[in-house]
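Every chain is numbered from 1, with letters handed out A, B, ... down the list of sequences. Computed from heavy atoms alone, side chains included, the values below leave out hydrogens, waters and symmetry copies. Note that the structure is predicted; figures quoted are calculated from it, not measured.
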Amino acid sequence: MAQVFALIDCNNFYVSCERLFAPQLKARPVVVLSNNDGCIIARSEEAKALGIAMGEPYFKVAAFLEKHAVHVFSSNYALYGDLSQRVMAVLQQLEPFVEIYSIDEAFVSLPVAGGGDLVAYGLKLRETIRQWVGIPVSIGFGPTKTLAKIANRMAKQDKAGNGVFSLLDHPRLDALLAEVPVGAVWGIGRRHGAKLTACGIRSAFDLKGGDDDWLRKHLTITGLRTAMELRGLSCLPFEQLPPAKKSITSSRSFGRTVQGKAELFEAVATYVTMAAEKMRRAKLVAGCLQVFVTTNRFNKDAPQYSNSESVRLEPPTASTPELLSRARVCLDHLYRPGYAYQKAGVVLLDLLPEARQQGHLFGGDSGKAGPLMAALDKINNRWGRETVQSAAAGFTKSWKNRQERKSPAYTTCWHDLPVVRASRR
DNA sequence: TCTGGGGTCCTAGGACCC
DNA sequence: TCTGGGGTCCTAGGACCC
């Protein structure tokens, strides 16, 4: 029995989320900014048509956006995360084999018994998601994940196809692949795309026909796998259960540069707190902590410095106070006076399930810290983040980043629930 | 003035060991 | 002039993804 992959991808996801609660923005140009209002990470079709590029620094196009009455939002991850869960829940309710691939994408594995009308099925699925959640999606079908990805791209381009396209047993498969630039293939990024193009491999069809040894040598095993997938040979596993996390990062650029060690540590302490909370939610403990700091790499005139320092945690821990004291030592080693720091971050590595944590011969703090951390998390969950936190993380946090155009947390915070009024005519 | 954040995988090369 | 060779482990850096 043949196997089919469907890729369901939410259209311009962050923009669609914002529009759900601002319906007046339908058919108007809208963009969403990254953290710190740094650059553009989502664009409506109208914004794309204006020529606004993905990843464009906001300050460079701010005037242009204003001139064209483009609506600008800071990113609102509480909202996007919640709507993502709703879309995924619909898929999981309707299908047994779902792989949540990212916040706005999922693969569905369908055992196809031949003759099933995939496109009709896709149209129905798409309509269900639109009705139940309100987010528009595109759906691509293919015999491998890579081809499903390409089919999805075609679904988006083919306006007459109503957002659904299948490459399964497509009679003109090669002709279609010949029109896909090699850099648009999933797994071929900017660097490899440029290299391939320079070597005469310009399209997905060219890549499909590439020489195995050459591909292996120049693109490593991953590139060869991509070529295999284009040939219809499925090489990428379908992962219904998300693989165990290997690291947890928390980092942010600052709203302004930071010079002093005390203030820098406030930021580091804040990120330690966030990462540790995330880790405890996942019921993990870390065996290694890494702290990094960096100056603004775009500011060519200022002296540059970036460095990281890591420390082993023995026994592995999820205790915020323990992590804070270790992070302080790391920063003491890392810190150099005289630099304008732009960003700092914390990475938790060597993660283990907390249940498997071995007792430490010389006694750790886990006995005391466990209940304390549980109580802390409970309070902060109930009363809001940072209700109780370590003083090390600071109170004013004047270095925090900008988010000047953020929409309310419509679906995850009682205060921000949209209010609907009925009126009699 | 202003350029995101959070991940994964692969490989080459050095360190180390016998 | 002329360095042993082969295995394993670890890490840094590069590439990719959304």
Side-chain angles (χ1 to χ4, degrees), chain A residues 7 9-10 12-14 31-42 53-63 65 72-77 80-81 84 99-107 145-146 149 152-153 182-196 215-226 235-237 239 242-257 271 274-275 278-279 282 288 290 292 294-302 306-308 310 312 340 342-351 400-405:
Chain A
L7 176 65
D9 185 325
C10 301
N12 312 328
F13 182 54
Y14 297 171
V31 300
V32 176
L33 305 177
S34 65
N35 258 313
N36 210 24
D37 292 351
C39 47
I40 290 170
I41 55 168
M54 184 71 169
E56 188 83 6
Y58 175 50
F59 74 90
K60 284 191 184 168
V61 289
L65 297 181
V72 179
F73 288 97
S74 300
S75 37
N76 182 346
Y77 289 102
Y80 312 150
S84 170
E99 174 185 333
I100 298 172
Y101 175 68
S102 74
I103 194 165
D104 68 339
E105 281 173 71
F107 287 101
K145 284 180 160 184
T146 303
K149 271 269 192 186
N152 190 288
R153 172 190 157 91
V182 73
V185 175
W186 189 39
I188 305 298
R190 268 239 313 276
R191 301 299 281 260
H192 283 161
K195 184 157 151 186
L196 288 167
L215 293 172
R216 174 82 173 73
K217 182 164 172 230
H218 290 95
L219 306 185
T220 80
I221 188 73
T222 26
L224 178 55
R225 250 183 235 138
T226 297
C235 301
L236 303 173
E239 291 172 314
K245 256 198 195 320
K246 298 185 172 170
S247 67
I248 291 173
T249 304
S250 179
S251 75
R252 294 283 184 284
S253 298
F254 306 136
R256 57 167 169 83
T257 57
Y271 306 147
M274 289 164 60
K278 211 187 286 183
M279 177 163 66
C288 179
Q290 186 183 336
F292 65 88
T294 176
T295 51
N296 184 353
R297 68 186 199 278
F298 295 103
N299 190 352
K300 301 290 182 214
D301 301 333
S306 64
N307 203 353
S308 70
S310 33
R312 292 224 55 77
Q342 174 66 29
K343 179 177 179 176
V346 164
V347 191
L348 300 170
L349 296 145
D350 296 352
L351 302 179
K400 267 187 98 163
N401 62 193
R402 290 175 299 274
Q403 285 209 302
E404 288 164 357
R405 299 151 174 277

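Leu33(A) comes within 4.0 angstrom of nothing in the nucleic acid, heavy atoms only. Nucleic acid contact for Arg256(A): none, since no nucleic acid atom lies under 4.0 Å from a heavy atom of the residue. Counting non-hydrogen atoms under 4.0 angstrom, Ser250(A) reaches the backbone sugars and phosphates but no base. Within the nucleic acid shown, Lys278(A) comes within 4.0 Å of sugar-phosphate atoms alone, with no base atom in reach, counting heavy atoms only.
A salt bridge links Glu105(A) with Lys149(A): at least one charged nitrogen is closer than 4.0 Å to a carboxylate oxygen.
When the C1' atom of dC17(C) is taken as reference, atom CH2 of Trp186(A) falls 8 Å away, rounded to whole Å. Between the OH atom of Tyr58(A) and the C1' atom of dC2(B) there is a distance of 10 Å, rounded to whole Å. Atom-to-atom, CD1 of Ile248(A) to P of dG7(B) comes out at 7 Å; the value is rounded to the nearest Å. When the C1' atom of dG4(B) is taken as reference, atom CE of Met54(A) falls 10 Å away, rounded to whole Å. With rounding to whole Å, Phe292(A) atom CZ is found 12 Å from dG4(B) atom P. We find that CZ of Arg153(A) is positioned 16 Å from C1' of dC18(C), with the value rounded to whole Å. The distance between atom CD of Glu239(A) and atom C1' of dT8(B), rounded to the nearest whole Å, is 11 Å. As rounded to whole Å, 6 Å separates atom P of dT3(B) from atom CG of Asn296(A).
Look at Lys343(A) and you'll find a side-chain N or O under 4.0 angstrom from OP1 or OP2 of dG5(B). For Ser247(A) and dT8(B), the shortest distance from a side-chain N or O to OP1 or OP2 is below 4.0 Å. Taking side-chain N and O atoms only, Arg190(A) has no distance below 4.0 Å to OP1 or OP2 of dC17(C). A close approach under 4.0 Å does occur between a side-chain nitrogen or oxygen of Ser253(A) and OP1 or OP2 of dG5(B). For the OP1/OP2 pair of dG7(B) and a distance below 4.0 Å, the side-chain nitrogens and oxygens of Thr249(A) include at least one atom meeting the criterion. OP1 or OP2 of dG6(B) has at least one side-chain nitrogen or oxygen of Ser251(A) nearer than 4.0 Å. OP1 or OP2 of dT3(B) sits under 4.0 Å from a side-chain N or O of Gln342(A).
Of the candidate nucleotides dC16(C), dT3(B), dT11(B), dT11(B) has the atom lying nearest to any side-chain atom of Arg216(A).
Of the two residues near DNA chain B, Asn299(A) and Arg225(A), the one whose nearest nucleotide lies more 5' is Asn299(A). Residue-to-nucleotide proximity on DNA chain B shows that, of Lys246(A) and Ile41(A), the 5′-proximal contact is made by Ile41(A).
Atom CZ of Arg191(A) has 12 or fewer neighbouring heavy atoms from other residues, nucleotides or ligands inside a 6.0 Å radius.
Side-chain N or O atoms of Asp9(A) include none that pairs as donor or acceptor with a backbone N or O of Asn152(A) at under 3.5 Å.
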